[in-house]
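Residues take their numbers from the sequence shown, with the count starting at 1.
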Amino acid sequence: MEKKTRTDGDKYLPYEQRVGNESIVYFTRDLSPEGLLKIYRKVSGNIKGKTAVKLHTGEKNGPNIIPSSWVKYLFEQDDFKDATIVETNTYYEGDRYTTEQHRETLKVNGWTFKEVDILDEDGTAMLPVKDAKWFTEMSVGKNILKYDSFVALTHFKGHTMGGFGGSNKNIGIGVADGRIGKGMIHTTPGQDDMWDIHGEEFMERMTESTKATVDHFKNHICFVNVMRNMSVSCDCEGCAAMPVVTPNVGIVASLDILAADQASIDLVYAMEEKDHKDLVERIESRHSHRQLSYMKELGMGNDKYILIDVDNDEKRIYPKEAVEHVVPFVK
């Protein structure tokens, strides 16, 4: 059963109560292919060689995914000449459960301009997880080992089990292979219920999975969260996703995964109650602030940051004093 009590790390922590260093997070309101490219270039300095671009390509005809036309625009640039979209098969049975099914779904959703590398098509590999609670290693799609750099291109939204799906979820679930790795995160060995792990334990397991990939790529990794069409449902729910009631915000990017996801959460919490009510309820009911506090405990980044407005001469629009300073930029 889900835990009845929450830890201090499972609550929204106002900015002024956070401690530690500050990271840089870039922000643009420009929700377009050009805006996506512009903000990506702010964090791409160490992206070199063969590059894995991990995004959620979605279930068939899913309405809320990052538009394939936006990503096609990126791949037409020299920045992406050595880049490949990467995915893994799903843990649940459906239209992305096997590689064959997955490739048909990719065609339906417009991912035809570049071959997608389904990382677990040829098997799995184990990446170490250092100094963690649940795992010493994580099973991932073997093909991830072919790449020199990694771009987490994430559609930020709600999530049925994770509460929210940011860069942490995109990597932690999305790089873990479809059988062993995702099973390690979702299921207690020997249990009939394949989804028996949830709440804070689920957040911790998912975060440890993410840590394996982040540590593997060291400083050759960056994180981009697209805050558009933010249903409380994940893109894995496809056309069954709940309606979008949260306003579009923009795009954030950072070299710090915790700062990227924390900034995205702060932007949601800074909205008026009527605008963020459903998404905040989903986040809090799933204990998903534990994603953020556990990333900090594992040394994966900072929850303090300076938000840089790339639309206005890189003006600092997010002073450290209070989260409320961002409200005018959300409206």
Side-chain angles (χ1 to χ4, degrees), residues 2 6 9-13 31 54-67 90-92 94 96 109 152-174 176 182 185-186 195 197-207 209-210 223-252 257-258 260-295 323 326 330:
E2 188 173 344
R6 297 175 181 274
D10 186 43
K11 299 174 183 176
Y12 181 72
L13 189 65
L31 283 162
K54 174 64 185 71
L55 58 100
H56 200 312
T57 54
E59 293 293 346
K60 287 181 178 178
N61 299 304
N64 299 323
I65 61 175
I66 298 174
T90 58
Y91 188 43
Y92 56 86
R96 297 184 298 135
N109 286 349
L153 177 53
T154 302
H155 174 218
F156 186 91
K157 68 280 181 187
H159 190 267
T160 301
M161 294 193 68
F164 71 90
S167 290
N168 187 41
K169 183 268 173 188
N170 186 19
I171 299 172
I173 301 297
K182 289 181 175 67
I185 299 166
H186 283 290
W195 311 108
I197 295 173
H198 39 73
E200 294 179 44
E201 180 179 338
F202 173 75
M203 306 307 161
E204 292 171 357
R205 286 173 177 261
M206 176 170 63
T207 301
S209 175
T210 299
F223 312 93
V224 180
N225 286 352
V226 179
M227 301 185 70
R228 165 191 177 274
N229 285 21
M230 293 181 288
S231 169
V232 300
S233 304
C234 179
D235 296 330
C236 56
E237 295 181 54
C239 294
M242 295 294 290
V244 173
V245 296
T246 305
N248 291 341
V249 174
I251 309 172
V252 303
I257 185 173
L258 171 53
D261 276 2
Q262 182 71 70
S264 301
I265 289 292
D266 288 342
L267 287 163
V268 170
Y269 271 75
M271 295 177 186
E272 295 180 2
E273 172 74 11
K274 64 181 179 60
D275 291 328
H276 74 193
K277 179 178 65 175
D278 288 359
L279 187 51
V280 166
E281 190 279 333
R282 176 57 58 95
I283 291 166
E284 295 184 350
S285 67
R286 301 319 197 255
H287 299 216
S288 55
H289 287 297
R290 185 58 180 149
Q291 291 187 49
L292 305 169
S293 63
Y294 197 51
M295 278 195 276
V323 68
V326 84
V330 176

| task | Taking the side chain as every heavy atom from C-beta outward, state whether Lys157 and Val244 have any pair of such atoms under 4.5 Å apart. | result | no
| request: Check whether any side-chain heavy atom of Arg282 sits under 4.5 Å from a side-chain heavy atom of Asp278, and report yes or no. | output: no
| request: For residues Lys169 and Met206, determine if any side-chain heavy atom of one lies less than 4.5 Å from a side-chain heavy atom of the other. | output: yes
| request: Go through the structure and list residues passing side chain to side chain donor-acceptor pair (under 3.5 Å) with Thr57, not counting sequence neighbours. | output: Glu87
| query | Taking the side chain as C-beta and beyond, is there a heavy-atom pair between Phe156 and Met230 under 4.5 Å? | reply | yes
| request: Applying side-chain contact (heavy atoms from CB on, under 4.5 Å), name anything that partners Leu13, two or more places apart in sequence or on another chain. | output: Gln17, Arg18, Asp303
| Which residues satisfy the side-chain contact (heavy atoms from CB on, under 4.5 Å) test with Ala260, sequence neighbours excluded? | Phe223, Asn225, Ser254
| Got a sec, which residues hit salt bridge (charged side-chain N to carboxylate O under 4.0 Å, His left out) with Arg290, two or more places apart in sequence or on another chain? | Glu204, Glu297
| said: Tell me every residue that passes side-chain contact (heavy atoms from CB on, under 4.5 Å) with Val280, counting only those two or more places apart in sequence or in another chain. | reply: Val268, Tyr269, His276, Glu284
| field | Note, Ile197 side chain near Ile185 side chain (heavy atom, < 4.5 Å) | value | no
| note | Value for CD (Gln262) from CD1 (Ile257), rounded to nearest 0.5 Å, stands at 12.5 Å
| query | Considering only heavy atoms from C-beta outward, does the side chain of Met203 approach that of Gln291 to under 4.5 Å? | reply | yes
| query | Who pairs with Ser209 by side chain to side chain donor-acceptor pair (under 3.5 Å), at least two apart in sequence or on another chain? | reply | none
| request: Only counting residues at least two apart or in another chain, list the ones meeting side-chain contact (heavy atoms from CB on, under 4.5 Å) with Lys60. | output: Asp95, Thr105, Val108
| request: Applying side-chain hydrogen bond (donor to acceptor under 3.5 Å, both in side chains) between Thr154 and each of Asn170, Asp261, Asn168, report the one that passes. | output: Asn170
| query | Tyr91: what forms a ring pair (Phe, Tyr, Trp, His ring centres under 6.0 Å) with it, not counting sequence neighbours? | reply | His186, Trp195
| task | Could you tell me whether Glu201 and Arg205 have a side-chain N and a carboxylate O separated by less than 4.0 Å? | result | yes
| NE2 of His155 to NE2 of His56: how many Å apart, nearest 0.5 Å? | 10.0 Å
